[in-house]
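All values derive from a computational prediction rather than experimental measurement. Both ligands and their constituent atoms are indexed starting at 1 by order of listing.
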Amino acid sequence: MNNLRLSKLLSLVLRHDPEHLGLQLDSGGWVDVDELLARLSTGSGEVTREHLEMVVSENNKQRFAFSGDGQRIRANQGHSIRVDLGLTPQEPPEILYHGTATRFLDSIREKGVIPGSRQHVHLSQDEPTAVAVGRRHGKPVVLVVRSGEMHREGLSFFLSKNGVWLTDRVARRYLALE
Ligand code: HQG
């Protein structure tokens with residue numbers, strides 16, 4: 001299996017559909033590495049621990065992490081399955097960015113930014129990252145989020161291990177929109 005295919009399969013299984021490989025995530029989103037390797041190795045050839053470690057360490061967005069003892073693995077963020085990542089709420093920067101596509105703007109004006117199928121709304125620390133996130137859905141547009149104000153009003157923010165800011169939703173009034 002090539003690296004990209006393995007990485008995409010890990011995203012699917014560790015964020016959305018562990019059943020795809022007959023696995024289950026624990027409450028923290030972890031799966032046993034040996035079990036994962038066994039399931040990955042049934043189809044088109046063996047996946048070794050070394051291969052998995054390489055794909056995890058070289059992943060361009062650091063999407064996955066091993067537990068401290070190396071026996072378990074999970075996705076750092078992006079889940080649609082309900083998991084508790086055990087992240088501690090953090091004070092966000094005054095401004096964060098949400099990259100989206102222009103075709104969603106009308107609906108966002110109405111409802112604010114909502115998590116869709118994922119557990120959280122994903123926010124970026126810088127505009128170029130947000131543009132790249134938005135481009136996945138169409139013509140990109142970057143929304144400026146008044147995260148500092150949200151935080152002062154009691155809303156929680158979490159910073160994933162790979163640098164993505166997460167929050168439950170962003171109400172219309174915290175967005176700089178025309
Ligand atoms: C949009 C990638 C209509 C929202 C990225 C987004 C990220 C609304 C889409 C991570 C809406 C959901 C997540 C509303 C929000 N009406 N559309 N009221 N509120 N939306 O893929 O943020 O490469 O679930 O703007 O880098 O694009 O997978 O979320 O366009 O970190 O690791 O609904 O996925 O990471 O799309 O991306 P997504 P996202 P990975």
Side-chain angles (χ1 to χ4, degrees), residues 1-18 20-21 23 25 28-31 36 52-66 73-87 89-90 92-93 95-147 149-150 155-178:
M1 195 180 313
N2 72 32
N3 293 355
L4 183 63
R5 175 133 185 269
L6 179 53
S7 171
K8 285 194 179 286
L9 187 54
L10 290 175
S11 283
L12 173 73
V13 169
L14 298 178
R15 289 168 163 181
H16 309 296
D17 187 14
H20 181 76
L21 290 182
L23 292 166
L25 309 187
W30 299 102
V31 297
L36 173 68
L52 182 66
E53 282 174 1
M54 186 181 76
V55 165
V56 169
S57 70
E58 290 182 2
N59 187 268
N60 62 341
K61 282 184 173 176
Q62 292 295 297
R63 291 178 177 87
F64 317 107
F66 289 103
I73 185 172
R74 74 176 178 185
N76 282 326
Q77 41 72 225
H79 299 81
S80 55
I81 299 178
R82 191 145 284 281
V83 297
D84 179 2
L85 293 172
L87 299 173
Q90 301 226 10
I95 293 293
L96 285 168
Y97 303 93
H98 178 74
T100 188
T102 50
R103 65 194 167 96
F104 295 144
L105 281 179
D106 283 348
S107 172
I108 289 176
R109 270 193 194 94
E110 217 178 286
K111 300 183 199 148
V113 185
I114 55 177
S117 61
R118 302 195 199 241
Q119 251 189 299
H120 295 102
V121 164
H122 290 223
L123 303 172
S124 311
Q125 304 211 40
D126 61 88
E127 286 189 80
T129 303
V131 171
V133 171
R135 190 169 287 128
R136 294 161 43 255
H137 300 286
K139 185 166 184 249
V141 56
V142 173
L143 307 178
V144 175
V145 175
R146 287 197 284 273
S147 38
E149 194 178 324
M150 288 176 68
L155 296 161
S156 297
F157 285 80
F158 304 91
L159 181 57
S160 75
K161 198 174 171 198
N162 61 340
V164 178
W165 282 93
L166 307 170
T167 193
D168 285 343
R169 57 183 296 146
V170 181
R172 167 76 181 79
R173 66 181 178 283
Y174 301 117
L175 294 170
L177 272 174
E178 296 312 308

Are V145 and W165 close enough that some pair of their side-chain heavy atoms sits under 4.5 Å apart?
-> no
Heavy-atom donor-acceptor pair, Q62 side chain to S57 backbone, under 3.5 Å | yes
List by chain and number: which residues place a heavy atom under 4.0 Å from ligand 1?
-> R15, K61, R63, Q77, H98, T100, F104, S107, I108, K111, G112, V113, I114, R118, H122, V133, R136, H137
Check whether any side-chain heavy atom of W30 lies under 4.5 Å from a side-chain heavy atom of R74, and answer yes or no.
-> yes
Test S160 against N76 for side chain to side chain donor-acceptor pair (under 3.5 Å), laying out the working first.
-> CA-CA 6 Å; S160 75; N76 282 326; over 6 Å; no
So, does H98 use its side chain to make a donor-acceptor pair with the main chain of H122 at under 3.5 Å?
-> yes
When you measure from the side chain of R103 to the backbone N and O of K139, does any donor-acceptor pair fall under 3.5 Å?
-> no
